[in-house]
Amino acid sequence: MWRFTGRPAGPVATTLKSGPWVAPHVPAENTRHPLAAFEAEAGSRLRDALEAHAPGTEPRFVHGVPPEGQGEFAAGCFPLAKTLSAKPADIATTLAERVAKGLEGATDSWVAGVAAMGPYVNFRIDVPRLIAATLQATHTHGDAYGRLPERAEKVILEHTSANPNGPLHVGRARNPIIGDTLVRAYRMAGYDTEAQYYVDDMGKQVAILAWARAHLDEAQVGKLIGPAARDKVDHVQVRYYQAANRLMEEDAEVGREIQALIHATETGDDAALERVEEGYADVFQGMRDSLARMDVTFDRFIKESTFVKNGDTQKVIEGLQAQTEVPVGAEGEALYLDLALKGVTGRSTRFFFRRSDGTSLYATRDVAYHLWKAGQADRLVNVLGEDHKLQATQVRVSLEMLKAPTLPQVVFYSFVSLPEGKMSTRRGRVVFLDDLLDEAVERAYVEVKKRRGDELSESEMRTIAEHVGVGAVRFTIAKVQAEKSITFKWEEALSFDGFAAPFIQYSHARVAGILDKAKAHGHLPDPDRAHLLVHDSEAALAKAIARLPVVVADAAAKHRTHGIADYAYEVAQAFNAFYRDCRVVDAETPELVSARLALVEAARSALAAAHHLLGIKALEQM
RNA sequence: GGGCACGUAGCCUAGCCCGGAUAUGGCGUGGGCCUCCUAAGCCCAAGAUCGGGGGUUCGAAUCCCCCCGUGCCCGCCA
């Protein structure tokens, strides 16, 4: 099934990604961030040089990372060419000379060297100092390495919020994975973060399920729908929902009963809501079990009905009716906002927020939910499918009109489709998340058995396979930008090679293997011997480790998960190069052993943090 | 019809916000590496009109305009 030979070349012991290293909120003075300190100093020295050369000139440079071997921070002088009427290359030469002069005799500098290369001024970091600082930071903070200083800012991150009427399918699986990864990023970035799941306990979907569970038995459902695909409660009970959908079409009385239940829930009728909850509770538990298997959990489940029962929804209706920014239209007793003035276009620009029977609509209640959230958090983040874009606009505009103190920032993800087209439960064209996880775990089991079958026990292999399989699924989603549409293909989703979770986990297992062996030999890590680490692969690994805080800050600030996946790969790759080049436990001297052990320990910290951010299990062996 | 998003080697993908040094990785393909801390690894090679066309600029994958393709949306559904 898989082949593990003939792989293409990887890059040489890479060091740093292109682009600016330092996100604005990583405090440079924080000793946990040597790269930030270095960049800040380089920038400051460059500005001083410019000021000395041409006083009053606005210091505008293009920042980046130089090619391999030419330093760690680059400043392109193009933007200065016009104002100084000089060639960028000449400016670079002049500035580099001045910076070099300023560095003479400087103590306590992060900058080890500066050189002009064409139109660029390239700065080299003091590598021994970087390594030393990194080993100190990781040795001191251990598993907390990468955690940014706490900030007094509360974040509510809402994600998944799938209707509790059937098993999760992979079309929506991006939501919990992206959402949970962002929750982890926010927490590590120092925010007080609450993960919320908004439970749609009103309306058609859950009413149908509840009616079915109350009126149908297994025999009837089995006859109409057939046997369940698997013995898991959400898969078993979704058939009731499917059966009721069919019955509704044939039997008008069934439709009327369900309609009555829907109406009752939407008026906030307690008895009806209770019946509905009894109907979906088991299915919902099944869905949460699937999420928990991927290590996705929530701090709070907020029921949609809350905001009908407490009157908030009615207040929203009244508030929208009273606002004067856009025209309020009526069709009978039903009310809508014409959002043409707010940039909404298309066949209809109308946003209905009240039905003719006086009840609310989903979006209206969502406005109430968001007002409530805005009252208790400084920042709101939602992860939504791209099909919710219009609704999100309606909610945002409404919140603005109602003077909400905080507006949600929305991360939209595109759909996962199948090669044969859009996923459709109705047409039986779906891949369930449970099936994907099972298949991934099964394939992982085959692999681990093939490699370690005669060394590990059955239960050890099962455990490893579970973590490798589930991790692979999470990683596959997390590594791609949310906006990209995905066509689901089994071969790709289950690829364990290259830029994939097992590569990361394997590196961690190697690290663990070395630490185990060192322990057995009685070696201890010593970060104070950092000066003994002079190999390029050691420096490259330390640089990768040092970048973690930047990655954490960036992921939270930009709401992007793929940067974390890239980073995990980068550290794993750097570690593999180090592993290739440098022996640890049997290094030449005991001092070098302890120095390298400190580096391995540092790598473990960075890899463990990356695993944690991605929600994948850091394995001791595989 | 209108809006939003996406389009980078056979396939997947980074870079796009904030224009600059030979466009990032992976899969697959062709070679090579296990007396040595796990070869789920490492090394080398081939592979790119950055969807197309205009424009701005000293310089465009990146900014602007037009077009093409794909997805999503335009319900008193959620």
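Numbers restart at 1 for each chain; the letters A, B, ... are given by sequence-line order, proteins then strands.
Look at CG on D566(A): it is 8 Å from P on G15(B), rounded to the nearest Å. Counting to the nearest Å, the P atom of G2(B) and the NZ atom of K342(A) are 24 Å from each other. The CD1 atom of I262(A) sits 16 Å away from the P atom of C76(B) (whole-angstrom rounding). Atom pair E492(A):CD and C27(B):P shows a separation of 13 Å (rounding to whole Å applied). At whole-Å resolution of the value, CD in E386(A) and C1' in C6(B) are 9 Å apart. If you take CD1 of I504(A) and C1' of G26(B), they are 11 Å apart, rounded to a whole angstrom.
OP1 or OP2 of C37(B) has not a single side-chain nitrogen or oxygen of R583(A) nearer than 4.0 Å. Dashed line: the shortest gap from a side-chain N or O of H562(A) to OP1 or OP2 of G15(B) is under 4.0 Å. Distances shown here put every side-chain N or O of Y362(A) at or beyond 4.0 Å from the OP1 or OP2 atom of C76(B). The phosphate of A21(B) has neither OP1 nor OP2 within less than 4.0 Å of any side-chain N or O from Q70(A). Taking only side-chain nitrogens and oxygens, N576(A) comes nearer than 4.0 Å to OP1 or OP2 of C42(B). Under 4.0 angstrom from either OP1 or OP2 of A78(B) there lies at least one side-chain N or O belonging to R365(A).
In terms of the side chain to side chain donor-acceptor pair (under 3.5 Å) criterion, R60(A) has no residue partners (sequence neighbours excluded).
The closest donor-acceptor contact from the side chain of R355(A) to the backbone of S360(A) lies under 3.5 Å.
At a threshold of 4.5 Å between non-hydrogen side-chain atoms, the residues F353(A) and V316(A) do not count as touching.
C66(B) shows a glycosidic angle more than 90° from 0 and is accordingly assigned anti.
Counting any heavy atom pair closer than 4.0 Å across all strands shown, E331(A) reaches a base atom. At the heavy-atom level, R510(A) lies under 4.0 Å from the strands shown only through sugar-phosphate atoms. Contacts of C77(A) with the nucleic acid, taken as non-hydrogen atoms under 4.0 Å apart, are absent. Among the atoms of the strands shown, only primed sugar atoms or phosphate atoms (P, OP1, OP2) are found under 4.0 Å from some heavy atom of S348(A). Nucleic acid contact for Q394(A): none, since no nucleic acid atom lies under 4.0 Å from a heavy atom of the residue.
Shortest non-hydrogen contact noted between A42(A) and F73(A) is CB-CD2, 3.7 Å.
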Notebook entry, point to check: Where along nucleotides 58-67 of chain B does protein come under 4.0 Å, by heavy atom, of base (B) or sugar-phosphate alone (S), with - for untouched nucleotides?
Noted result: ----------
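Ring stacking holds between Y120(A) and A21(B), with the centres under 5.5 Å apart and the planes within 30 degrees of each other.
Below 30°, between 30° and 60°, or above 60°: for F284(A) and Y197(A) the angle between ring planes is above 60°, a perpendicular geometry.
Side chain N165(A) to base A78(B): no donor-acceptor pair is found below 3.5 Å.
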